[in-house]
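Remarks on the structure that follows.
None of these values were measured; they are calculated from a predicted model.
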Number of protein chains: 4
Amino acid sequence: MKRQQILDAAYTVFSRKGYHRATVDEIIALADTGKGTVYNYFVNKEQLFYTLIKERSARFEAELINIAGLVEPPLGKIKKAIKVFLEFYVENADLWRVLMHEMRGLGHEEPSNFTEAQREKYRARFQHTTSILEQILQEGIDQGVLRICDVHKAAHGLFSVIVMMVFQGFIGEKGESIETSANGIADIFLYGVVARQD
Amino acid sequence: MKRQQILDAAYTVFSRKGYHRATVDEIIALADTGKGTVYNYFVNKEQLFYTLIKERSARFEAELINIAGLVEPPLGKIKKAIKVFLEFYVENADLWRVLMHEMRGLGHEEPSNFTEAQREKYRARFQHTTSILEQILQEGIDQGVLRICDVHKAAHGLFSVIVMMVFQGFIGEKGESIETSANGIADIFLYGVVARQD
Amino acid sequence: MKRQQILDAAYTVFSRKGYHRATVDEIIALADTGKGTVYNYFVNKEQLFYTLIKERSARFEAELINIAGLVEPPLGKIKKAIKVFLEFYVENADLWRVLMHEMRGLGHEEPSNFTEAQREKYRARFQHTTSILEQILQEGIDQGVLRICDVHKAAHGLFSVIVMMVFQGFIGEKGESIETSANGIADIFLYGVVARQD
Amino acid sequence: MKRQQILDAAYTVFSRKGYHRATVDEIIALADTGKGTVYNYFVNKEQLFYTLIKERSARFEAELINIAGLVEPPLGKIKKAIKVFLEFYVENADLWRVLMHEMRGLGHEEPSNFTEAQREKYRARFQHTTSILEQILQEGIDQGVLRICDVHKAAHGLFSVIVMMVFQGFIGEKGESIETSANGIADIFLYGVVARQD
DNA sequence: CATGAATGAGTCTTCATTCAT
DNA sequence: GATGAATGAAGACTCATTCAT
């Protein structure tokens with residue numbers, strides 16, 4: 001129970017302050033617990049943060065896998081996937097912004113506060129979600145619905161747009177529903193911005 | 001002269017370490033100067049960082065404005081703009097990653113290390129570059145080359161893809177030239193991923 | 001039963017880590033017991049430590065008293081006593097090293113982790129063993145076998161050599177038997193290092 | 001100047017409290033300085049401690065080497081060396097007690113607060129002083145003044161007696177002069193406790 | 001202008017001890 | 001008796017900033 005209180009408080013504080021500026025003191029104040037308790041459940045500030053990430057992303061990943069497995073036209077799958085992505089990132093925008101920042105430094109000297117091992121684990125997690133996107137796109141190509149392109153890049157491009165738009169506050173903070181936003185993104189992604197001759 | 005040495009060193013250190021982990025000590029070691037000297041030229045670690053941002057982005061913005069002013073078909077302008085964006089962000093990927101992280105916290109309680117005033121100034125700077133993109137897109141719509149859509153969103157979507165792909169390391173680290181990458185992005189952005197019937 | 005498990009584990013951990021670095025957590029892990037159990041049997045980490053000392057030294061003291069009581073020439077007694085000392089300190093070198101360190105601070109402001117009362121009890125225990133040595137030496141003087149000297153100092157000197165040589169690793173870790181070591185020490189103690197004219 | 005204040009304060013606090021219980025806070029309170037200042041001059045609590053040891057022992061070692069080099073009968077040298085040892089250890093009894101405790105753990109798992117590298121450096125320092133004693137004893141044997149024995153052991157035995165007697169408070173705290181104490185030790189060490197027939 | 005010694009507020013982390021079950 | 005979750009006081013260390021020279 002205390003464990004959950006701490007996780008909830010940590011979620012709030014990390015989201016608000018980022019990793020560095022988040023202090024254990026503030027977390028325990030919010031969790032209404034003692035400082036030692038944090039270290040009974042988590043070895044580190046770092047490991048607390050990652051536990052948070054892991055637990056939050058589990059459900060999202062499951063949902064995504066589920067969509068990929070549906071028997072349905074690819075375009076429908078793509079739209080659904082975009083919606084699930086949007087929902088997740090809107091919900092967890094702040095924390096994932098922090099995560100992405102701390103995960104940066106691909107190959108750089110002293111890149112973040114995290115162990116290289118830890119970073120690798122979570123980079124894998126990211127790869128996983130985009131690889132599901134790739135799979136869906138590939139399916140579309142195989143069925144002749146999508147034109148041939150580099151699915152790896154296309155999936156990342158799509159992922160980028162989604163994440164970036166959420167982070168930039170274009171989605172989720174205004175009145176517009178996520179459904180509508182998802183459709184807008186899908187529209188441009190699928191058909192481009194060039195006017196059709198027909 | 002000392003001022004420039006400090007800025008150069010700061011660029012390197014902030015890029016490598018991020019804002020928090022960058023220490024004034026490391027900067028002066030690299031700049032081969034005394035600690036007090038930093039505070040003669042810059043009021044703050046914060047203000048040093050932003051001076052860096054300001055000076056680095058000036059040339060980029062000028063170039064972008066220049067492209068917007070060219071007399072040329074919109075599609076060509078778009079491709080050129082994408083290339084300029086890519087070049088700039090590949091060059092300054094690390095520092096801008098840091099900047100974007102520190103600029104987060106839109107409207108939140110205690111948002112970052114920066115003054116709200118400072119943050120506002122640089123948000124404006126971002127808006128400025130995307131607004132040039134918007135302008136180019138709008139021109140395309142007016143000339144009937146692009147289909148009608150929300151230019152604000154489209155511009156941000158494009159911006160997002162560019163920035164995110166650089167940050168994710170998709171561009172600039174592999175053998176592929178920036179020219180090629182720019183074309184690939186432009187292709188999907190303009191024509192979408194859906195297969196044409198023709 | 002639990003009590004003994006805890007004592008055994010405590011012996012190991014205190015010996016290995018010293019008093020401060022020994023943690024209750026490590027002791028209970030080794031003792032395979034719960035943390036509360038320790039505090040059922042011992043009021044304190046401190047009192048746990050001293051219980052250890054007390055129980056370990058009881059047999060040694062008994063043996064020493066026994067030797068003092070033998071009817072035998074003084075030189076033989078001295079050799080036997082040296083051997084018993086060596087055996088005990090070799091066996092318990094690590095723990096006694098720790099004890100001696102914690103017992104320091106004779107008369108100082110804030111001397112150690114221990115209550116002054118506790119320290120006094122164990123200083124008395126030390127005095128006790130050396131006083132038995134004194135007694136044996138005095139017997140030798142009374143019988144004209146040893147030359148007249150300050151028995152108090154001489155006993156402490158002998159004690160010092162024994163303990164220090166064990167602590168320095170001169171005895172007990174090499175191939176040499178304790179018997180041989182004991183004879184070597186006795187030889188110099190009894191006859192000095194100066195060459196005889198005869 | 002601050003550096004010296006810190007060293008002086010550290011000497012006092014480490015001597016009084018031992019390594020673990022000595023806190024940086026207490027040291028700076030005594031040194032009348034800021035906490036950061038300590039870390040400007042010393043990388044560590046550990047390194048502060050060892051700087052202390054190094055600076056304190058330098059003069060002592062020089063004096064000892066000097067004695068070894070004198071042209072004088074060996075017995076005189078031995079007496080002089082004992083006196084120098086006594087003086088040094090009486091002066092620095094408390095700090096060296098602490099050092100010896102922290103240096104323990106020859107080959108043990110996790111023996112002290114110090115790096116193995118650091119410990120090795122100071123073990124060497126100890127070896128150095130006793131090796132000078134050995135040298136003096138060997139000279140005595142070579143000149144036929146001392147009987148043949150294991151000089152290594154004998155030197156350590158002598159060293160042990162000296163150190164231990166100081167640590168036990170036998171020397172330096174009572175009215176007796178160091179001169180007298182030195183003679184007493186030398187007497188037993190040289191001639192033993194056995195009564196002469198002559 | 002340039003310098004760098006001095007500073008102390010702010011952090012994470014450890015660990016003996018308690019107490020309700 | 002046995003247990004272990006909860007606790008918080010205490011401690012080492014970092015680093016931006018100041019100011020006298």
Q. With both distances under 3.5 Å as the test, what is the Watson-Crick or G-U wobble partner of F:dT17?
A. E:dA6
Q) For E:dC12, which nucleotide in any strand shown is its Watson-Crick or wobble partner with both distances under 3.5 Å? A)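 Partner of E:dC12: F:dG11.
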Whole-Å gap separating [atom2] ([N]) and [atom1] ([X]):
X	N	atom1	atom2	answer
D:Glu26	F:dA12	CD	C1'	15 Å
C:Lys35	E:dC15	NZ	C1'	7 Å
C:Ile28	F:dA5	CD1	P	10 Å
C:Lys2	F:dA2	NZ	C1'	8 Å
D:Glu46	F:dC13	CD	P	9 Å
C:Asp25	E:dT17	CG	C1'	11 Å
C:Arg21	F:dG11	CZ	P	17 Å
B:Phe49	F:dC15	CZ	P	17 Å

Q | Note: D:Arg16-D:Asp94 ion pair, threshold 4.0 Å (strictly below) | A |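 Looking at D:Asp94 together with D:Arg16, the answer is no, because their closest N to O distance does not fall below 4.0 Å.
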Is [X] near enough to [N] that one of its side-chain N or O atoms lies under 4.0 angstrom from OP1 or OP2?
X	N	answer
C:Thr33	F:dA2	no
C:Lys45	E:dA16	yes
C:Thr37	F:dT3	yes
A:Tyr39	E:dT14	no
B:Asn44	F:dA16	no

Q: Could you check whether A:Tyr41 gets within reach of a base, just the sugar-phosphate, or nothing at all, counting any heavy atom under 4.0 Å?
A: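 Answer is sugar-phosphate: A:Tyr41 comes under 4.0 Å of backbone atoms only.
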Q: Would you indicate what D:Ala22 reaches in the nucleic acid, counting non-hydrogen atoms under 4.0 angstrom: base, sugar-phosphate, or nothing?
A: sugar-phosphate
Q | Between CD1 on residue C:Ile53 and CH2 on residue C:Trp96, distance to nearest 0.5 Å | A | 4.0 Å
Q) Toward the 5' end of DNA chain F, which comes first, D:Val24 or B:Asn40, by nearest nucleotide? A) D:Val24
Q. Taking the six-membered ring of D:Tyr19, is the NZ or CZ of D:Lys45 close enough (under 6.0 Å from the centre) and on axis enough (within 45°)?
A. yes
Q: For C:Tyr50 and C:Asn44, test the side chains for any donor-to-acceptor distance below 3.5 angstrom and give the result as yes or no.
A: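 C:Asn44 and C:Tyr50 do not have a side-chain donor-acceptor pair below 3.5 Å.
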Q: Take A:Leu7 and A:Phe42 through the side chain to side chain contact (heavy atoms under 4.5 Å, CB included) test and state the conclusion after the steps.
A: CA-CA 10 Å; A:Leu7 279 171; A:Phe42 309 96; 3.8 Å; yes
